[in-house]
Amino acid sequence: MQNPAMLAQGLAAYSEWAGLTHTDRAPLWVQRLQMNADEIGRFQAAATPDDAAYAAHPIAVEPPPASWMPALSPASAPPAGHSLSRAAEALERARRQHHLNAVVHLTQQVTADASGYLSGVPLVVKDMIGVQGMPRTGGSASSDTAPFPHDSAAVAALKRQGAIVIGLANLHELAFGPSSNNPVYGQVVNPASPQRIPGGSSGGSAAAVAAGIVDVALGTDTGGSIRIPAACCGVVGFKPSYDAVSRSGVIDISASLDHVGPIGRSVTDCANAFAALTGLDTRPQLPDNTAQGLRIGRLGGFFANPLSAAVQGAMQRATGLLQHDGATLIDIDDIDGMTLAPAIQFMTISAEAATALHERLHMAGERMGEDVRVRLEMASLLPAHWYIKAQKLRRQLVDRMTALFDRCDVLICPVMRTTAPLLGETSVRIGSRDYPLHTAVSNLTLPFSLSGMPAISLPLGMSSDGAPLSVQLVGAPGRDWALLQVARRLETIHYHLKSN
């Protein structure tokens with residue numbers, strides 16, 4: 001990008017020819033492209049593979065073993081009055097902690113529509129996911145604020161097991177950014193470390209859990225938007241396999257990358273919600289088996305350099321605990337082509353978001369926050385053949401990632417290269433390099449959105465300066481329950497060590 005002024009002039013002329021408006025904003029588009037100059041440069045330099053283009057398909061989840069499934073016992077559900085009181089208490093906690101900007105729309109009346117293994121569990125839902133009678137705005141002034149006419153498939157599934165929605169969670173506008181500084185509702189406050197970002201885009205969902213308002217919340221994840229805020233706020237965030245949870249009733253951002261999943265205070269909270277989200281009549285009881293015989297692939301290369309000292313320490317602690325518990329560590333020094341993952345993600349989400357939100361941008365762009373508006377305007381100008389090339393590179397990369405599970409049961413790596421950045425930071429220095437904020441926080445989560453593999457962010461204590469630390473565990477496609485069991489075991493041995 002040697003001559004930004006010339007590029008801006010060319011983009012303005014092209015936009016005018018294409019019938020787009022606001023061509024005077026071209027210098028802003030160039031500035032945004034410059035933030036992704038590294039990804040674009042790598043992408044242009046890469047050869048286009050002969051492989052077929054990647055096509056996203058729902059990944060079937062292997063059922064939990066029969067031995068994990070208790071007998072169905074409806075009589076064990078708490079009485080309705082107790083269920084409603086739990087929800088009322090959560091509503092009161094949300095009101096008391098309104099300064100967090102985590103929950104931005106509260107229900108006026110709590111009702112229990114069903115009994116089940118989530119009976120009375122209060123739930124906060126990211127304001128991207130339809131809830132009957134509540135607005136579904138995506139945190140954007142460009143949205144219709146009328147009550148949504150029906151529950152999304154995910155919310156309906158949770159309600160069938162007795163969960164009670166108490167409110168909608170704040171987020172980065174339209175789930176398209178990492179800070180959860182919302183132009184309508186304001187900045188989500190990170191309860192674990194208020195001077196740091198809560199992560200995005202499901203920042204309100206993670207903050208509501210971290211603040212103790214609810215034990216479980218629903219979020220969406222396109223490049224890390226469940227796992228990143230969970231890591232920033234010190235809670236558990238689980239991104240299931242692609243389309244294991246229905247996206248019906250959810251605002252589309254990037255159809256081949258979007259996932260719906262839970263954020264919870266524990267792995268068990270996430271597992272119980274996942275059971276309901278996937279339609280299980282009973283919730284599996286995750287066994288506390290040791291890690292004996294497990295093959296844990298420790299990702300190096302792209303995933304290990306650079307990392308802050310605190311993140312390196314968390315990784316060493318996690319792998320040491322697993323190894324001491326009987327796991328075999330297998331070092332995976334690098335995955336060929338992984339350095340292109342951020343570029344593939346950028347090209348994919350740009351094209352798909354520009355498509356999904358084209359009409360909104362055209363009709364109501366002036367009511368969007370500036371960062372999201374610029375990203376969408378810029379995205380609409382990228383060449384279509386770049387998207388096709390990205391899907392060919394993606395196919396190649398995903399095949400290589402999947403092959404790792406021939407020799408590993410689970411992969412482990414950090415969630416982010418550093419701890420949660422400070423509020424207001426637009427770039428983050430890691431090692432000897434400055435990274436744009438979105439790159440610094442999403443580089444290590446986005447490969448598993450590209451692949452659709454299940455992945456979970458697991459808290460692992462605090463850094464010396466008070467920032468939450470986490471690690472990321474990744475499972476083979478469809479092996480969500482096996483991944484949850486390993487995460488539960490690591491959680492158990494970590495807290496056992498901590499309590500002693």
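None of these values were measured; they are calculated from a predicted model.
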For this session: Let me see the working for Asp288 and Arg488 under salt bridge (Lys or Arg N to Asp or Glu O under 4.0 Å), right down to the final yes or no.
Result: CA-CA 7 Å; Asp288 192 25; Arg488 174 76 179 92; 5.3 Å; no
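- Taking CG of Asn272 as the reference point, atom CD of Gln161 lies at 10.0 Å (rounded to 0.5 Å).
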For this session: Take Val121 and Ile164 through the side chain to side chain contact (heavy atoms under 4.5 Å, CB included) test and state the conclusion after the steps.
Result: CA-CA 6 Å; Val121 171; Ile164 299 174; over 6 Å; no
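- With a 4.5 Å cut-off on side-chain heavy atoms, Gln485 and Trp68 count as touching.
- In this structure, the separation between CD1 on Ile263 and CG on Asp215 is 13.5 Å, given to the nearest 0.5 Å.
- Side-chain N or O atoms of Asn170 include one that pairs as donor or acceptor with a backbone N or O of Gly186 at under 3.5 Å.
- Across every non-hydrogen atom of Met35 and Pro436, the tightest pair is O-CG, 3.5 Å.
- The minimum heavy-atom distance between Pro459 and Val236, with the atom names listed, is CD-CG2, 3.6 Å.
- Judged by distance alone, the side chain of Arg317 and the main-chain N or O of Leu460 form a donor-acceptor pair under 3.5 Å.
- Looking at Asp127 and Arg136, no side-chain N of the basic residue comes within less than 4.0 Å of a carboxylate O on the acidic one, giving no salt bridge.
- Within the 4.5 Å cutoff, the side chain of Ile430 has no heavy atoms near those of the Leu307 side chain.
- Between Arg367 and Ser143, the side chains place no donor N or O within less than 3.5 Å of an acceptor N or O (distance only, hydrogens not considered).
- Here the side chain of Ser457 pairs no donor or acceptor atom with the backbone of Gln472 at under 3.5 angstrom.
- Glu491 and Ser266 form no side-chain donor-acceptor contact under 3.5 Å, judged by distance and modelled atom types alone.
- Counting all heavy atoms, side chain and backbone alike, Ala87 lies closest to Val110 at CB-CG1, 3.9 Å.
- In the displayed structure, His358 atom NE2 is contacted under 6.0 Å by at most 12 heavy atoms of other residues, nucleotides or ligands.
- A donor-acceptor contact under 3.5 angstrom links the side chains of Ser140 and Ser142, judged on distance only.
- Between the OG atom of Ser179 and the CD atom of Glu173 there is a distance of 11.0 Å, given to the nearest 0.5 Å.
- With contacts defined as side-chain heavy-atom distances shorter than 4.5 Å, the pair Met416/Ser308 does not qualify.
- Under the 3.5 Å distance criterion, the side-chain polar atoms of Ser152 are left unmatched by any main-chain donor or acceptor of Val250.
- Contact annotation: the side chain of Met134 approaches that of Thr107 to within less than 4.5 Å [non-hydrogen atoms, C-beta and beyond].
- Looking at every heavy atom in both residues, Tyr387 comes nearest to Ala351 through CD1-CB, 3.4 Å.
- Ion pairing of Asp243 with Arg247 is present here, as a side-chain N (NZ or NE/NH1/NH2) and a carboxylate O approach within less than 4.0 Å.
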For this session: Start with the C-alpha gap between Thr348 and Ser256, add the side-chain angles, then the distance that decides, and say whether side chain to side chain contact (heavy atoms under 4.5 Å, CB included) holds.
Result: CA-CA 8 Å; Thr348 302; Ser256 76; 3.7 Å; yes
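- With hydrogens and angles disregarded, no donor-acceptor distance shorter than 3.5 Å links the side chain of Asp325 to the backbone of Leu321.
- Taken to the nearest 0.5 Å, the CD atom of Gln187 stands 9.5 Å off from the NE2 atom of His172.
- Listed for the Thr439 side chain is no donor-acceptor partner under 3.5 Å among the backbone atoms of Tyr435.
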For this session: Before giving the answer on side chain to side chain contact (heavy atoms under 4.5 Å, CB included), spell out for Glu370 and Leu28 the whole-Å C-alpha distance, their side-chain angles and the decisive distance to 0.1 Å.
Result: CA-CA 10 Å; Glu370 186 65 6; Leu28 297 174; 3.2 Å; yes
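- Salt bridge status for Asp281 with Arg160: absent, with no side-chain N to carboxylate O gap under 4.0 Å.
- In this model, a donor atom of one side chain and an acceptor atom of the other lie less than 3.5 Å apart for Ser241 and Asp480.
- In terms of heavy atoms, Ala440 sits closest to Val428 at CB-CB, 3.8 Å.
- Ser201 and Lys126 share a donor-acceptor pair across their side chains, judged by distance under 3.5 Å alone.
- Here the side chain of Arg196 pairs a donor or acceptor atom with the backbone of Ala420 at under 3.5 angstrom.
- Atom NE2 of His362 has 12 or fewer heavy atoms from other residues, nucleotides or ligands within 6.0 Å.
- In summary, Asp221 and Arg227 engage in a salt bridge, as defined by a charged side-chain N under 4.0 Å from a carboxylate O.
- In this structure the side chain of Val410 never reaches within 4.5 angstrom of the side chain of Val474, judged on heavy atoms.
- Side-chain atoms of Asn190 and Ser193 include no donor-acceptor pair closer than 3.5 Å.
- When atom types are taken as modelled, the side chain of Thr445 and the backbone of Ser442 share a donor-acceptor pair closer than 3.5 angstrom.
- Using a 4.5 Å cut-off on side-chain heavy atoms (C-beta onward), Arg95 and Leu106 make contact.
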Exercise. After noting the C-alpha distance and the side-chain angles of Thr290 and Arg489, does the key distance pass the side chain to side chain contact (heavy atoms under 4.5 Å, CB included) rule?
Worked result: CA-CA 7 Å; Thr290 71; Arg489 181 59 185 172; 3.8 Å; yes
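- Without hydrogens or angle criteria, Gln97 side chain to Ala211 main chain gives a donor-acceptor distance under 3.5 Å.
- Between Ile253 and Phe176 the shortest heavy-atom distance is CG2-CD1, 4.4 Å.
- Trp481 has its side chain within reach of Pro284: a pair of non-hydrogen atoms, C-beta onward, lies under 4.5 Å apart.
- Atom CG of Leu473 sits about 7.0 Å away from atom CG of Leu322, to the nearest 0.5 Å.
- Between the side chain of His105 and the backbone N or O of Val103, no donor-acceptor pair lies under 3.5 Å.
- Atom CE of Met347 and atom CG of Asn36 lie 8.0 Å apart (nearest 0.5 Å).
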For this session: Go through the steps for Phe448 and Phe303 under the test ring-ring contact (aromatic ring centres under 6.0 Å, His included), then give the verdict.
Result: CA-CA 12 Å; Phe448 310 110; Phe303 292 94; 5.8 Å; yes
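- A salt bridge is absent between Glu89 and Arg86; no separation between the charged side-chain nitrogens and carboxylate oxygens falls under 4.0 Å.
- At a threshold of 4.5 Å between non-hydrogen side-chain atoms, the residues Ser180 and Pro198 count as touching.
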